[in-house]
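Have a look at the structure below before the remarks.
Chain A is the first sequence line, chain B the second, and so forth, proteins listed ahead of strands; every chain is numbered from 1. As a basis for the values below, the full set of heavy atoms in this structure was taken, side chains included, without hydrogen atoms, waters or symmetry mates.
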Amino acid sequence: MFTAVPKSTSLFGDQMRKLVLLGGGALVAIIAAVVLWRPSSAQTQDPVTVARTLTAADTAAFRGPTQPILFRHDLHAGQFKMQCQYCHYSANVSSEPGIPSMQTCMGCHLVIAGTDSTNQAEITKLRNAWRDRKPIEWNRIHFLARHVHFPHDRHIKALGATACATCHGDVTRMPQVFKVNNVTNMGFCITCHLERGVNRDCTACHY
Amino acid sequence: MATTAHESTQTHADVTRDVIGTLSAPGKGYYILLASVSTALLIGIITFIILLKDGLGHAGYNPPVMWSVFITTFVFWVGIGHAGTLISAILYLFRSPWRTVVYRATEAMTVFAVMTAALFPIVHIGRQWIFYWLLPYPNARFLWPNFKSPLVWDVFAISTYFTVSTTFLVFGLIPDVAAVRDHVTGWRKKVYGMLALGWKGTDEQWRHYSRAYLYLAALATPLVLSVHSVVSWDFAMGIIPGWHGTIFAPYFVAGAIYSGVGMVLTLLIPLRKALKLEHMITDYHFDNLGKLTLFVGCVLFYAYGMEYFVAWYSGNTFEQTTFWRRAFGPMWWAGWAMIINNAFVSQLLWSKRIRTNLTALFVISIFINIGMWFERYVIIVSSLGNDFDPWAWGVMTPTMYDWGILLGSFGWFGLWFTLFFKHFPIVAIQEVKEMIPMPRRKGAH
Amino acid sequence: MSDQTPDNKLDRRRFLTVVGATGAGAAALSGCTTDRVQKLIPYMVGNEDQIPGIATYYASSCTECAAACGLHVRTREGRAVKLEGNPVHPVNRGTICSRGQAGLQGLYNPDRIAGPMARQADGTFKQIEWTEAITLLVTKLKAAPGRVAVLSGQAPGTFDTLLEGWTRAQQGTLTRWEPFGHEPLRLASQRVFGRDELPLHDFAAAKHIVSFGADFLETWHTPVEQQRGFAQSHGFTQGPTAKTVYVSPRMDLTGMNADAWVRVTPGTEAILALTMANIILSERNRAPADANGLRGMLGGYTAEKAAQQVGVTVDKIRQLAREFASAQPSLAVAGGVGTQHREALELCAAVHLLNYVAGNVGTTVKFGAGVTRGDGYAAIERLFGRFDKGEVAVLLVHDANPLYALPKSGQFAERFAKVGFKVSTAAVMDETAMASDLVLPSLHPLERWDDIRPRAGVLGLMQPVMEPVFAGRHTGDVLLQTGKQLGGTAASVATATDYKTYLQNAWALEAKRRRAADAVQFWRDALQRGGLFDVASPSAPVRLSATAQLTKAVGATFDGDGAYTLIAAPTLTMSDGRGANRPWLLELSDPVTKITWWHWAEVHPETAKELDVREGEILELTTPHGTIKAPVYIYPGIHPGAIAVPLGWGHTAYGRYAQDRGANVLDLLGAQDGNGFLPYQSTKVSARPTGEYRQVGKTEGNNRQLGRGIAEMMPVEAAVKGLSLRQFYEQEGHAEHEVNTEREQGAIEGFRESQLEQRKRGGYAEEHPQWGMTVDLSRCTGCSACVTACYAENNLPTVGEEEIYRGREMTWIRIERFWEGGEREGEPLEARFVPMMCQHCDNAPCEPVCPVYAAYHTVDGLNGQVYNRCVGTRYCGNNCPYKVRYFNWYAYNKKAFPEPLNLQLNPDVTVRGRGVMEKCTMCVHRIRGAQHTAKLEDRALVDGEFTTACAQACPSGAITFGNVKDPASKVVAAARSPRGYHVFEELNVRPAVTYLAKVRHTEGQS
Amino acid sequence: MFAAAKPIPGVLASFIHIDGAVDAIRGLRARGHHDLTVYSASPNHELEEALEHRISPVRLFTLFGGITGVISGLAMTYWMSLDWPLLVGGKPIATVPPYVVFMFELMVLFGALCTVAGVAILSLRKPTTGILYDEHFSDDRIGIFVPCPPDRANDVEALLKQAGSVEVRRAA
C-alpha cells in the first residue's frame, strides 16, 4: 500500500541551484541595465562614393529611398561645392530649411543639360516637369514629429554654416540621400544638447 | 489555544476528505455562474474597446469632474482586497483562531480584487496605449516618472501589493496542493504534482516554511495598511476641498477593510452552501466576521462625522460649501446612500441574532458593497463638482459606458474567483489540521 | 436641399501650392502623433515675400461690419492664419473684435461655392464655367435696358463708384442697404442739425456717458473704436472715471459695463431724454444761445409727467439730468438696434437736443465725417415696390442678404421672386442666393483688391493675401467684363481690363489730388500702411435747424396685444446674422447670457414665475406677424414687461453651421416702415409655455461669487484715494473674503525662502526672465475678443453644442460673468467680468501631481504643458483651483476643421490630439519665437516687442504681458497698482497673473 | 529532466499517534540516528521539540531583502530626480519625504521575494529526492524515515514497531 510520489520539478529539492543562479543573474542584469543604459549617440558611417558618371543600373546600389529624379548631392554639393543654402534657401534665416522651387533648378538646367546619358535623362525629367508645370514630389527622408519645433536657423548660427552634416550626414558624398541619424528620436537631440550643455527645457522644442 | 466545538469532532482525515471533496466535478450551477461572469466580462471588454477607439468622451465626464466612475471603481476594488490580507496576515500574527477556515477564500479574493483594480488606471487614462510611461524604465527620451506624484506612488503600491499578496497566496497553497496531489489520480495528479513543487512536508521543509510564512505575514501587515493610505493620498495630496483631509489615510483604510469584509460575506455565505462546508465554516466564524464589520463600521461612522465636523470647524468657506452640497446639493442622494449604507446599516450588527442569521448578514453585506462604492463616488465626484471657482461648477451623470466598465470589472473578478474555488482548496487544509490535536496512545498529556 | 448644395471640393493642386514646401502647412491636421508628410512638394516659382517658417504680414481692411477696422493679416506658407488689428489704423489702433477675427472663417468656410451656379429648369443649381456665366448675365442685361436694379451692401469706396457707373449705364437703380444702418440717428441728425449723416462720438473725452439703448460696445456704429474710447474714460488710471448710465429696458453688454442701469418702460427713452434736456435747459443754461428756442417745445416734458410714463422716480430723473449737465464734456448716445422702436427717430433727435443743450455737440459729438450707412429701409421699400410693379427684369444682389435680414411678414421672398432674373454674388449659398437664378461667387476680401472709405479721412485698402481658396471671381472684374461685352456707356464705364488696374487708376487720381510726387510709391506706401489715414477726424460746426422743433415724444406704439414687449436684441456674436456660419462665433458664449450654438428667449425672473417656466423650457412666442419657439433663459437684466430674443439666428440656408440653427426673431416683426427705418422693437408678444425642453448650452456653472473674491470691485472714491483692496475692506468694516493672516503669510513666506535653494538645479540655477500678466478689470468689458483671438492663435477646436452641455468647451481663456446684487427688488444688479486663463502659478498644484512631468514649471516661470508627454490622467485638471485645464475627450481636432478650415491652423502651435490635457501657454510659441529672433540678432529681448494674442486683440487694452523681472516693464508698473490682487490668494499658489480690481460709481444707482 | 536519484537505503515508518512518533524520534536519536526525515501533514511543535530544531535562518534573507529595498528605493528616486531636473509645484527638485513611499514599498517587495528565495535556497541543504514517501503523510499520518545500512535495519524496525508504528517498510 506504499506508493511513490511522482517525480516533479522540485523547488524544495536539488533542481533549485540552477534556478537561483539564473534568477540572480537576471536581476543583476536588469539593475545594471537600468543604471548604465544610454542609447548610443549618432555615428556617421562612411557613405559610398561613386563615379561622377554612372549608368542607370548603378542607381539600384544606392542607399536611401529612390527619388523621382536622381538628384546627386555628391555632385552638386560635393564636386561643384555648391552651398547648401543655395537651394535650401531659408535654412539659415528660418526654422524651415525650405526646398528649392523648380525655378531654382531650372535656373541652371536651362543651360546645363548633363554630360552623360544618365544625367541627361534625369535632367530631361526636370525640364519636362517644368514644362508641364508639375512640381516634382520628392520623397521625404528626415522627419520630425509635428509636436517638435526645430529652428534650423538657430542651429546653423550656433554650429556654423557647415553644421548640416551633424544631423544630415555628409551629403557631399551621397549620390542619393539617406538617413544617417535617426533625427526622429528625441535621444538624438538630447545627447547633443547634453554634450554641449545647452537648454534642455521641454518647452524649448515642444509647444 | 482557543478551540471550538467543531474541531474536536473532526479528524485530519475528515478535513482532507471534505476539502478535497470541493474539487470534485462541477455541477450545472457552476457552469451557469461561469457563463454569467464571462458575459459580464465580455461586455466590459467591448465597452473598453469603444473607449479605446473614440476616446473617453463617451463616459459621463463633465469638467470640472475629470475623474468619476472608473477611479471610483478602482478604489472600490483596491479596498475589497484589504480584508483578505487583514484576515490572512494580521489575524495570523494575532493568532486569531477563527481566521484559519476563511482566510484562503479571503486571500484569493484579495489577489483577484487587486488584479481587477490594476486594470483601471489603464482604462481611465486618456492615452491608454502609453500607460507604461508611468514606470521608471530607461527610454530614448532620458525621462523618468515624477516620483512626487501620488499616481506614481500608486503604481508602486499596487504592483507591490499584487506581487506580495500573490506570493503569500501561492506560498500558503503549496502544502495543500501537495495534499491534493496525493489524493487525486491520473493527469490531475501530474498537474498538481507540478504545482506542489515537490512538497513532501518533511520536518526540514516545515521548519523553513513556517518561519518564512511568519515573515511574509509580518511584511504583508504594514503593506496592507500602506496601500490604501497611498490610494487615499491620491486625493489627500490634491487641494480640492473634500479631498484635502489629514484623516484620509486611516479613513480610507477603515473603509477598505469594511468593504472587504462586506465582500467576504457576500462571497462566503453562498460559497459555504454550494461547497457544503457548513460544518467547517460555522456561525462562529460569521459571528466574528460580523463583529469585525461592526468595529470598522464604527470607525467609518466616526470618520464621516469628523469630515463634517472639520469642514464646519475649519471655518473655510470652500470646505463648508463642499460638504453642504454633498448633503443637500445636486448629489444629495449619493451622499445619503453612502452614510446610511455604511454608517447606519452596520449598527444592526450589535445584535447577535443578526450576526448569526446568514440571510440578514448577506443582505447587509450587499448594502455595504453598494454603500462603499457610493462612498468613493461621492468623495470623488461631488468634491470635484463644486470646488474653488463657482463659475466652473458642474454635475456629471454616468453613461452606459461607465456602467459597462463597472460590470466588466465584476465579470473579470468573478471569472478568476469562480475558477479558483473549483481548482484549489478553498479552505487551508494544513492550517485547519494544525488546530486539530493528533490522536494519542496514552491519554492527553 | 442637398442636390442644390454645390459640391465644393478644394482643388487639390491649389491646396498644395497653398501649403507650399514644408510639412508645416499640413501640420495643421495631426495632433500629438508622429505621423508624417510623405511627400515634399516644391513651389513651381518661389514666392519672394514668403519664406517657409516665417510669417508674412499684409495690411488689409475688415469688412465684417461697416466700421471697417484696419487689419494685419498674418500669413504662413502662403495661407492666412490670423487676423490682427492694424496698429496705425485710426479706427481700431491695432486691436480687433471677435467678429473681425472670425472673418478668417469666412475665407476658409467649407460651404463656399467653387464656381458660378446657374439655376436649371428643374429649379436645382448647376455649376457652370465663368465665361458661360458672364455671357448669360450679359444676354439678360442686354434684354432688359432700364429694367435693371442693383442691391448692394453698403461699402463706400472705389468699387461703389464702379457699381454706380455700371448701374447708371444700364439706366438701372442702385440701392445701398445695410440691416444695421442706424437710419433713425441719421434722420435725426438731418432733422435737428440739417446734416444727412451719422455723427462720430468721442467716448475717450467724455466725463459722463448716458446711452439710451445704444449698445456701443456691441453692434452700434463703430464698436471697437468706441470700446477703446470707453476704456480710456471709464477705465481707472488715477482720477475719477466717467460715470456711465445705461437707459434701456434690457441690460445688454453695454448696460452691464455701465455704472448704473436705468430700467425704463419699453419705448419711453425719448420722453426721458427730452425731460432731461428740459431740466438742464431750465436749471443751468450752459447751452448755446439758439437752444433757448427749444424752451417752449421742451417745456411740456416735466420730471413728474415723465416719471409715470418712463417708470423711474422723479428724483432719479433730476439726478440723471444734473449729473449729465455738471460733468463737462458729457456724452449721450442713442439709436441702437435693440431700442429701434417706432419712436427711435424721436429718441435720436431728443438725444441730439440733449447733447446740444449740454454743450457736447462739437466736443464729444462730431459731425462732418460723412458716415451714411446706405440709403435706408425706405429705399428697400421703394425697390421692392418696383418688383411688385414688375419694373425690374434683372436684379444684381451684391454683399447683401435681404431675404434673411428682412421680416418674413413683408412678403419679401414672394416679391423678390417677381424679378425675372436674379443674380447674387454671395460666396456662400445664403437665403438670397438660394432664391436667385445665377450666383457669381465673389472673392473674399482677403483674396481680392479693393478699398473702403468708412468715413472722411479714412481710406482703407485691401489686397489679396493668398491664392483664392475657391475659384470665385471679384465682382469688380465681373462688372468690368460685362461692361466691355455690353458696350456703349457700360463699356465707357469699364475703363480698365481688370479691377486691380481700375483700383490703381483711382488711387493714381487720389495721388494727384494729394500732390504725391510718385504715384507708384504713393500706392506702395498706402498698401503697406493699409490705406490713407488723415490724423484729425473732421468736425464741422453745426447749429440747430428749424425742424428741430418737430421733435416730440409720447412713447412708442406697439402692434398686437400680447402681454409683453418683444425686444429683438442684436448680439455681439451674431450681429445682423452674418456671423452665423462661423464656428468660432457660434461656440463663443454670448457675453450677456453665456449661451452658445443656439438662440434663446430672455425672461425676467418675475415673468418666469408668472409664466411658470424654468430655464430651457421652450416658449412659443406669438405676435400679429408670426410665431417662433425659443428656450427660456431667465435673466434679471430685462424689464419684467419685455421678452428679448437675439437677432441673427435661424438661417434657412447659409451653410452647414448656420442653417436651421434656432429661429429668426425677424419672423415676429412687422415690416411696416417706421418712416425711414425698420422698427425692431415694434410688437407686443404673447408667450405660451410648451412644456417641451431644450437645454441651453451655456458655459456658466454658478454665476455668484459666494464671497470668494474672484472679481473684486472698489468704489471710485476708494480707488481715487489709492486704497489697496485690503485697506478698502478694512475701511468698510466688513472683512474681505478669507485670506491668510499676516502671521500665517509670514510663516508661508519663510518656509518658501528656505526651500528656494533646493530648486536651483540644472536650468533653474541660471538667470531667466519670468513671464507675468495683469488684467485690469476696470477696463475689461467682457467683449470676448481675447477668447476668439486665443481660438485663432492656439488652434483651439470648437466642440459643438452637445459637448458644451457637458462643460467640455476648450476655451483656454474664458470670460466669467458674475452677478452681484439684483436679488431683492430695488437692489441694483451688477455684472463683473473676469477673464480666466491659466494663472501660471509659481506653486502650481497641477504640476506635482502629474506622474510623467507633462505639467511642469519652465525655467522662465511658465506652467509648461507638454502635450506629447501627457498620458491623460487628468489629475492636473482636478487639482487646478482655477479650472483652466481642458481635456481632449474626443479627437476634436479631427472634427473641428473640415477642409479648408484646417488651413487656418497656426503652424507654430501643435494641434492637440485625443486624450491629452491642454491649457493657456501664455503664447509660449510667441515667447520662443521672439527669443529666437533676439538670439539670431545677438540682442536681449525688448519689453513689448511681442505680446500674447489676447493682450494684442483686447480693444480696451485691459491685458498687459511681460517679464516681471524687468523693473522697467509695463507689466511690473501695472502690477504695482494698489488695486492689484490674486484670485484665491489664500491658496498660496502664487499666480503669475495679477488682476486689478474693477472700479465703479456705486452711489445713487437706480 | 528529472533524473531518478537512486533510492537511499533505510527504513520508513508510519504513525497514527503523535506521542508514538515522538517516542520513536527520541529513541532513534538516542541511538545515534540524527539524520531523520519526519513527514507530517501540518507543522507540529511536539515533533519539532523532539527533533531539537534550531530557528530557521530564513529571516536573514528577509532582513537582507528589506535593507536592499530601502536603499534601492531611495537611490532610484533621488538619482532619477536629479538626472533631468524638472521643477514642479515650487517644490525642491529632489527631496526625501515623498520618496519614503518608494523606500517602503521596495522594502516590502524585496523582503518578501528574498524570503521565498531563502526558503528555496535553504531547502537545497537537505534534498528529499530518493527518500521514501507515502501519500498518507499529507493526510493524517506521521512518517519517519531512518536512513541506515541494511545490517542495522532490523533493530531500527524493532524500535519503530515498539513505538507504535502502524506500518514499516525498508528501502534498499
Contacting region of B:Thr163 [heavy-atom separation from chain D under 4.5 Å]: side chain
Sidechain-backbone polar pair: B:Lys148 side chain, D:Thr95 backbone, donor-acceptor under 3.5 Å: no
Derivation of the side-chain contact (heavy atoms from CB on, under 4.5 Å) call for B:Tyr161 and D:Leu109: CA-CA 8 Å; B:Tyr161 189 39; D:Leu109 183 61; over 6 Å; no
Option in B:Val164, B:Leu143, B:Thr167, B:Thr202 with maximal non-hydrogen atom pairs under 4.5 Å from chain D: B:Thr202
From CD (D:Glu105) to CD1 (B:Ile158), nearest 0.5 Å: 9.0 Å
Side-chain ion pair, D:Glu135 and B:Lys200, N-O less than 4.0 Å: no
Segment of B:Tyr215 engaging chain D (4.5 angstrom heavy-atom cut-off): side chain
Most chain D-contacting option - heavy-atom pairs closer than 4.5 Å, from B:Leu223, B:Val227, B:Leu214, B:Leu216: B:Leu223
Residue pair B:Pro439 / D:Asp19: nearest heavy atoms and the distance that separates them: O-OD1, 4.5 Å
B:Val180 portion near chain D, given a 4.5 angstrom heavy-atom threshold: neither
Atom group of D:Ile93 that falls short of 4.5 Å from chain B, counting heavy atoms: backbone
Evaluation steps, side-chain contact (heavy atoms from CB on, under 4.5 Å), between B:Phe171 and D:Val119: CA-CA 10 Å; B:Phe171 199 67; D:Val119 175; 3.8 Å; yes
Contact leader toward chain D among B:Glu431, B:Glu204, B:Met438, where contacts are heavy-atom pairs under 4.5 Å: B:Met438
Pairwise side-chain contact, D:Val100 with B:Trp153, heavy-atom cut-off 4.5 Å (strictly under): no
Under 4.5 Å from a heavy atom of chain B, the part of D:Thr37 involved: both
Partner chain B: residue of D:Lys91, D:Met107, D:His53 with the largest heavy-atom pair count (under 4.5 Å): D:His53
Pick from D:Gly111, D:Gly164, D:Ala163 with the largest number of heavy-atom pairs that fall under 4.5 Å of chain B: D:Ala163
Student check: side-chain heavy atoms of B:Tyr209 and D:Pro43 closer than 4.5 Å: no
Proximal component of B:Asp176, with respect to chain D [non-hydrogen, under 4.5 Å]: neither
Which portion of D:Leu106 sits near chain B, non-hydrogen atoms under 4.5 angstrom: side chain
Residue part contacting chain B, namely of D:Val88, when any heavy atom lies under 4.5 Å: side chain
Over 12 non-hydrogen atoms of neighbours within 6.0 angstrom of CZ in D:Arg29: yes
Flag side-chain contact, heavy atom, 4.5 Å: B:Asp203 against D:Leu47: no
Student check: side-chain heavy atoms of D:Ser138 and B:Gln430 closer than 4.5 Å: no
Proximity breakdown for D:Ile16 and chain B, heavy-atom pairs closer than 4.5 Å: both
Geometric class of the B:Phe156/D:Phe102 ring pair [parallel <30°, tilted 30-60°, perpendicular >60°]: perpendicular
No-hydrogen, no-angle side-chain donor-acceptor test under 3.5 Å, D:Asp139 and B:His12: no
For D:Ile55 against B:Arg207, the heavy-atom pair lying closest together: O-NH2, 3.9 Å
Side-chain heavy-atom pair B:Trp144, D:Met76 within 4.5 angstrom cut-off: no
Spacing of CD belonging to B:Glu434 relative to NE2 belonging to D:His45, to within rounding of 0.5 Å: 9.0 Å
Part of B:Pro175 lying under 4.5 Å from any heavy atom of chain D: neither
Structural part of B:Pro222 lying under 4.5 Å from a heavy atom of chain D: both
Contact winner vs chain B - D:Thr115, D:Thr77, D:Ile142, D:Thr62, heavy-atom pairs under 4.5 Å: D:Thr77
Heavy-atom pair of closest approach, residues B:Phe147 and D:Tyr99: CB-CE2, 3.5 Å
Region of D:Phe104 that comes under 4.5 Å of a non-hydrogen atom in chain B: side chain
Side-chain donor/acceptor of B:Trp206 to backbone N/O of D:Ser40, under 3.5 Å: yes
